[in-house]
Peer 1: 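I'd like to ask some things about the structure below.
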Amino acid sequence: MALRQVRCYPAVMRLPVAFVSLALLLAGASRTWAHLPPGELREACARRRAALASSLPEGAAVLVRGAAWDERLPFRQTSDLHYLTGLDEPDVALVLTHERSTLFLPAADPVRGLWDGPRLAAGPATAEAFGLEEALPLDRLVEALAGLRRTGGTLYDSGPEPGPAGARPAGPLIAALRQVKDPLELARLRRAVEATRLGLVEAMRLAAPGVREDELAALLEYCFRRGGAQGTGFPSIVASGPNSCVLHHRASERPLEGGDLVILDVGAEVDRYTADVTRTIPASGRFGERQREVYELVLAAQAAGIAAVRPGATLAEVHRAALRVIEEAGQAGRFPHGTSHWLGLDVHDVGTEARLAPGMVLTVEPGVYLREEALGVRIEDDVLVTSTGSEVLSRAIPRAVEAIEALMAERGLGEFRPGKPLDASPAAPAPPRPWR
Ligand SMILES: [Mn+2]
């Protein structure tokens with residue numbers, strides 16, 4: 001997915017005053033241990049909290065808000081709270097100081113429990129399960145914040161704006177940590193990329209004139225889930241013919257036509273981490289001469305961008321490297337978006353440091369869009385910065401003209417048969433631990 005030329009922070013849902021004041025004082029519901037995080041996640045979160053605490057001034061505290069429950073929407077925890085606790089329950093908050101991390105959870109609500117299932121309860125068992133010092137009822141949050149205020153230390157608030165009076169934004173502190181992925185995060189990203197590969201390979205086999213954009217999106221998303229993902233990190237972009245020139249076109253009911261190029265810009269999400277990979281394919285299965293010319297130009301620009309990824313380089317340098325190739329072909333005006341964005345818990349992930357360092361993950365995704373020819377091409381891969389340069393995490397997803405045409409020549413639902421195991425990539429990571 002391409003990024004507008006402004007930096008995005010993830011939308012952080014509001015912590016309504018109402019749910020603090022209305023929290024009921026009822027006994028906590030029990031919860032099975034199957035929903036609790038495995039040790040590796042608990043330990044990773046403890047390390048992340050320690051790193052955040054060590055970045056704080058003396059006496060400071062950070063309020064990290066979870067996402068509110070909205071039964072009309074799929075629940076999605078705020079990325080910051082997930083990053084620091086691994087907890088994917090609604091209406092919670094974390095207060096972190098140098099000394100302790102305290103989780104605040106809503107009181108049990110039997111009516112809500114009937115409809116939505118049990119929730120974690122405040123108490124020592126929950127604190128211990130998540131490796132935190134305390135897990136308190138949410139109605140004590142206001143009192144706890146007032147207590148921190150009296151000690152005179154700075155309060156940082158993860159948002160949204162406006163937070164408690166006088167609080168400073170916590171986003172940049174947490175973003176600086178999230179920008180460099182730890183081993184658990186990289187393992188999740190690799191699994192997300194692998195699930196994305198399974199979907200893209202099947203979509204290339206299925207794509208043909210007459211197949212609708214939304215059929216391809218459905219197949220992609222089915223394969224993601226079959227490959228271990230819980231869904232997508234962003235709405236799937238399947239953009240054929242004239243739609244290929246609409247950067248964030250959502251898959252529509254348009255059937256593919258023989259002369260179309262089709263942009264597939266998609267990402268499976270595994271345990272909250274999303275891939276973001278784009279392939280552009282010919283609906284007919286063979287690139288036309290003009291299509292191939294534009295495709296090879298974008299591919300060359302992407303290669304130049306990827307070659308510029310190394311520790312110490314900047315996103316601007318990566319962009320200039322890709323742009324230069326397109327400029328030299330006289331098409332600079334046809335490349336209207338940035339080349340890169342950070343990738344992780346969010347598809348347009350947070351990052352405060354402009355210089356690349358090992359452990360950072362970015363996309364490299366130049367594009368050329370010729371509206372008068374109904375011809376758009378974008379090619380996007382997910383790139384890990386290593387100590388010596390880079391590793392293209394999505395390198396196993398066919399990208400060369402010949403590789404795409406060979407796959408499309410297989411035609412039909414090759415691997416997509418119920419009960420047939422999906423083909424494994426040479427670099428297939430270990431299967432996920434079943435804790436959800
Ligand atoms: Mn992208």
Side-chain angles (χ1 to χ4, degrees), residues 1-11 79 175 178-179 181 185 188-190 192-197 199-200 203 217 220-221 224 229 231-239 243-251 261-270 272-281 295 298-299 301-306 308-309 314-316 318-319 321-323 326 334-351 354 356 360-369 376-385 390-395 397 399:
M1 189 161 68
L3 180 62
R4 290 182 175 84
Q5 305 271 23
V6 290
R7 193 169 60 199
C8 295
Y9 281 101
S79 296
R178 281 175 51 190
Q179 193 171 5
K181 272 62 185 175
E185 295 185 283
R188 290 178 168 197
L189 274 167
R190 287 179 192 278
V193 168
E194 171 60 10
T196 303
R197 184 189 70 81
L200 281 167
L220 281 155
E221 293 171 19
F224 294 170
T232 63
F234 57 94
S236 298
I237 296 168
V238 178
N243 295 337
S244 66
C245 295
V246 179
L247 300 183
H248 282 178
H249 172 79
R250 304 267 175 101
L261 283 185
V262 190
I263 290 180
L264 309 167
D265 182 348
V266 294
E269 184 179 90
V270 171
R272 275 303 308 263
Y273 286 79
T274 188
D276 183 9
V277 179
T278 305
R279 291 294 181 263
T280 301
I281 63 173
Y295 188 90
V298 176
L299 196 59
Q302 196 210 23
I306 291 172
V309 175
T314 65
L315 287 191
V318 174
H319 180 60
L323 180 60
I326 291 173
R334 305 310 189 96
F335 177 19
H337 55 78
T339 298
S340 300
H341 56 81
W342 308 115
L343 188 67
L345 283 164
D346 293 295
V347 60
H348 293 161
D349 209 34
V350 292
L356 303 183
M360 294 181 183
V361 178
L362 66 152
T363 65
V364 180
E365 50 172 316
V368 166
Y369 309 88
V377 174
R378 181 162 66 252
I379 307 171
E380 175 176 29
D381 282 272
D382 302 339
V383 182
L384 167 68
V385 184
S390 71
E391 177 190 347
V392 180
L393 300 176
S394 45
R395 63 188 179 279
I397 304 174
R399 179 173 50 177

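Atoms within a ligand are numbered from 1 in the order they appear, just like the ligands themselves. Atom set for the values below is all heavy atoms of this structure, side chains included, hydrogens, waters and symmetry mates excluded.
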Peer 1: Would you say Thr363 and Asp276 are linked by a side-chain donor-acceptor pair, where the criterion is simply a distance under 3.5 Å?
Peer 2: no
Peer 1: Would you call Arg197 and Glu194 a salt bridge, using N to O less than 4.0 angstrom?
Peer 2: yes
Peer 1: Would one find an N, O or S atom of Met1, in either backbone or side chain, under 2.8 Å from the Mn ion (ligand 1)?
Peer 2: yes
Peer 1: Let me check your reading of the structure: within less than 2.8 Å of the Mn ion (ligand 1), is there an N/O/S atom from His341?
Peer 2: yes
Peer 1: Judged by modelled atom types alone, do Ser394 and Asp381 share a side-chain donor-acceptor pair under 3.5 Å?
Peer 2: yes
Peer 1: Checking only N/O/S atoms, does Glu380 have one that is under 2.8 Å from the Mn ion (ligand 1)?
Peer 2: yes
Peer 1: Provide the closest heavy-atom pair for Thr280 versus Arg378 in the form atom of the first, atom of the second, distance.
Peer 2: OG1-O, 2.6 Å
Peer 1: Have a look at Asp276 and say which of its N, O or S atoms is nearest the Mn ion (ligand 1).
Peer 2: OD2
Peer 1: For residues Leu189 and Gly344, report the shortest heavy-atom separation together with the two atoms involved.
Peer 2: CD2-CA, 4.3 Å
Peer 1: Which atom name would you report as the N, O or S atom of Glu365 nearest the Mn ion (ligand 1)?
Peer 2: OE2
